[in-house]
Structures are given as C-alpha cells and as structure tokens.
Amino acid sequence: MPNTYSTRMLIIGSGPAGLSAAIYGARAGMKPILVQGIQPGGQLMTTTDVENYPGFRNVIQGPWLMDEMSAQAEHVGTRLMYDTIVGVDLSRRPFRLIGDGGDVYEGDVLIIATGAQAKWLGLDSEERMKGKGVSACATCDGFFYRGKKVAVIGGGNTAVEEALYLTNHSDDVTLIHRRDSLRAEKILQDRLFANPKIKVLWNKEVRRFVGGGQPEGLVGIELLDRENGETMLLDVEGGFVAIGHHPATELFRGHVRLDDDGYIDVERGSTRTSVAGVFACGDVMDKIYRQAITAAGTGCMAALDAERFLAEAEFEEIAAAAE
C-alpha cells in the first residue's frame, strides 16, 4: 500500500542545490524531506576531478563531494528518499508529489532542484571519452587544458562563450560548426572573429572522438566535411561539446511558469516561482552560470526564501484567527 510522507519543506533533486537547501532547511527546524530522483547527486556524480569548489586545496572527486553533502544533510536532520517523482499537484498547499511506486510526498513549501542535463552528440566514442578529454563545461574543466590544443563543438551563444573562455588557458582554440554561419548573437561573433587564438571550421560534423596513450586520453577529433564528404583528423587534447542543455522541467510544465528555453522562471534576485510557496534553485533555473558553487548558493537562497514564506504565512494565520 502506498505511503504518505509529510513535511514542512519538501525538496526534489539531490545535486548541490537540493542538498544545500536541505542543509539550511534542516538547521532551521524544517525537518525537510528530499526526494533524490533518477540520478542521486546530480551531474557531479559523473564528474571526476573537481578543482574549483571552495574549501579543498587538492583536487577532489565529484561523487565524493556529493556523498559528503548527502551525509551532511542527513546528519543535520534531512530525510533522504530514494524515489522518482512522476506527478505533481501544486494547486493548493500542502503541495503533493507522487512517486513512481505510488507514494505521496506532501510539503507546506516545495523547493525544485531537478537540475539540467547537457546535450550530447550521442556518439559511442563520446561516451567512452567523457572525462578523458571530452567535456560539456569549459568553465569547469578548461583549467586542465592549459597550453593544450582544444576544440569546441557548437554554433550558438554557449559554444562561442566557451571558445572565448578557453583562450584564457589555450592559444589554440578551434570552433567546430556543422553549418556555414553561427546562431550566436552578433556581439559574441564579433568577439570570436576578432580573437587571434580562435579559428573556425565550417560545415564540419564530428564523427568520432579519437583516444590514445596510456592512460587513454583524447588525441583528436575525426570530422566529416558536409560539403565534399571528405574526412579529416583534428589534433586536440580537449573537446568541449557546447550544443545546449535540457532543464529537467517537463514534470512542472503547466504548473509553474517557464521561460522560452524551458527553465523555471523565478523573480529577479530570489528563488520564488510563479506559485506562492514553490521555489526553484540550481541549474533548473540558472542557464548562465551552471556551476556547483552557484547551484549550492541558490539552494541556500531557496531554503531562506521558503523559511520566510512559512513564517509570514503562519503569522497571517495567527492574526486571522485572533480577529
């Protein structure tokens, strides 16, 4: 028989944003329940070396960091639930989430921290070379390619921004695009074309990421010329796929307001969504920074916003009862 779990603060998503919200919520006495979802720990569970999370002088591993954050959240009073949410009811408080086994989770406030997933090319070689020279985040991993030849795949704002960022670490950056013009904003294109460290390969499609060496690392990218059908091998040690992200918001479509790109729309300077008592944090609402530290920061914001909402709601209830 399905169970019903109730809490003052309900959180969905277990990456840095959700766990940070849980830590702050638990310390505020909210006794939060966090439903971990299909990938407990979020994107950091597939990240090896993490060198830019504050507090660690040496490189740490993404899965280890998420294990520590999960343990901390539990230690201060969070209840972690291993379930995948398949339905939501945000029409009234308490809000209701339904797990795939039928269990019901109720919360006086809801924090959405379901994150976003990078879009990949879908190549077998890409999957094999992830973490071995292939990445979807230049600001996360570009530092590891100082002085090396790198390439960015894509033609939109993200790809151009990543190529420009990588010039901080490399004097040889190649942007690979499958068409003959970019989709990026003109001001970004102007900066790209004016940068002597960047060259553009037009009408090229990635066929294969080539590994080599011991231990295996990326040594090149095999490209197909879409005009003449010829193939070429581009010698690079770092390949960054920058073709966009999928925010995990399908579950909430029609329940909270989303922006044109599918991210949850929040009030400027806060984590408040279009539904009073529902808050969003991390990559599910942030399409600009997409870092573990910024996700954790907005998780803190969401917990504080939720706590204040509850305090104000309870004050209004007490005041109404006294009249």
Side-chain angles (χ1 to χ4, degrees), residues 2-37 40-42 69-115 248-249 251-252 255-257 264 266-267 269-282 284-285 295-322:
N3 298 308
T4 297
Y5 303 94
S6 299
T7 178
R8 298 186 71 196
M9 179 181 289
L10 182 58
I11 304 167
I12 174 173
S14 57
L19 289 169
S20 295
I23 291 166
Y24 274 81
R27 285 176 54 81
M30 299 290 107
K31 297 182 178 179
I33 290 176
L34 185 150
V35 185
Q36 301 196 79
M69 291 184 73
S70 296
Q72 183 181 7
E74 278 194 298
H75 177 73
V76 294
T78 302
R79 186 173 185 180
L80 301 179
M81 307 297 291
Y82 292 90
D83 203 348
T84 300
I85 301 302
V86 296
V88 301
D89 180 1
L90 308 184
S91 61
R92 62 186 182 276
R93 295 176 54 227
F95 304 115
R96 289 165 57 89
L97 304 181
I98 298 91
D100 63 359
D103 287 346
V104 175
Y105 304 88
E106 296 182 336
D108 294 330
V109 292
L110 172 65
I111 295 177
I112 302 171
T114 47
T249 54
L251 190 65
F252 302 99
H255 298 278
V256 298
R257 185 171 60 242
I264 294 180
V266 297
E267 292 182 22
S270 83
T271 61
R272 292 187 293 270
T273 72
S274 58
V275 177
V278 178
F279 307 87
C281 56
V284 76
M285 48 73 77
T298 57
C300 165
M301 290 170 59
L304 296 177
D305 285 343
E307 181 189 356
R308 289 166 184 158
F309 173 86
L310 283 176
E312 291 170 3
E314 290 166 0
F315 176 78
E316 290 172 1
E317 291 171 3
I318 293 171

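All residue numbers in this chain count up from 1 along the given sequence.
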**Request:** Kindly assign one of parallel, tilted or perpendicular to the pair F279 and F309, based on the angle between their ring planes and the thresholds 30° and 60°.
**Result:** perpendicular
Let me confirm one number: the [atom1]-[atom2] distance from [X] to [Y], rounded to the nearest 0.5 Å.
X    : Y    : atom1 : atom2 : value
M81  : L34  : CE    : CG    : 10.5 Å
Q36  : T84  : CD    : OG1   : 10.0 Å
E267 : T273 : CD    : OG1   : 8.5 Å
M9   : L110 : CE    : CG    : 10.5 Å
C281 : I11  : SG    : CD1   : 7.5 Å
I264 : T249 : CD1   : OG1   : 6.5 Å

Using a 4.5 Å cut-off on heavy atoms from C-beta on, say whether the side chain of [Y] contacts that of [X].
X    : Y    : value
V104 : P2   : no
M30  : L310 : yes
I12  : V88  : no

**Asked** Per the salt bridge (charged side-chain N to carboxylate O under 4.0 Å, His left out) rule, which among E314, E106, E307 passes with R8?
**Response** E314
Taking all non-hydrogen atoms of both residues into account, name the closest pair between [X] and [Y] and its distance.
X    : Y    : result
A113 : V284 : CA-CG1, 4.5 Å
S70  : L19  : OG-CD1, 3.6 Å
D83  : G99  : OD2-CA, 3.5 Å
E74  : L80  : CG-CD1, 3.4 Å
A21  : A303 : O-CB, 3.5 Å
A280 : V266 : CB-CG1, 4.0 Å

[X] side-chain N/O to [Y] backbone N/O, donor-acceptor pair under 3.5 Å:
X    : Y    : answer
D103 : N3   : yes
S20  : G299 : no
T298 : A295 : yes

**Prompt:** Yes or no on side chain to side chain contact (heavy atoms under 4.5 Å, CB included) for H255 and V278, after CA distance, side-chain angles and deciding distance?
**Reply:** CA-CA 10 Å; H255 298 278; V278 178; over 6 Å; no
**Candidates I85, I98, T4 - the one meeting side chain to side chain contact (heavy atoms under 4.5 Å, CB included) with Y105** = I85
**Prompt:** Does F95 CZ have over 12 foreign heavy atoms under 6.0 Å away?
**Reply:** yes
**Prompt:** Do D305 and T271 get their side chains close enough for a donor-acceptor pair, meaning under 3.5 Å?
**Reply:** yes
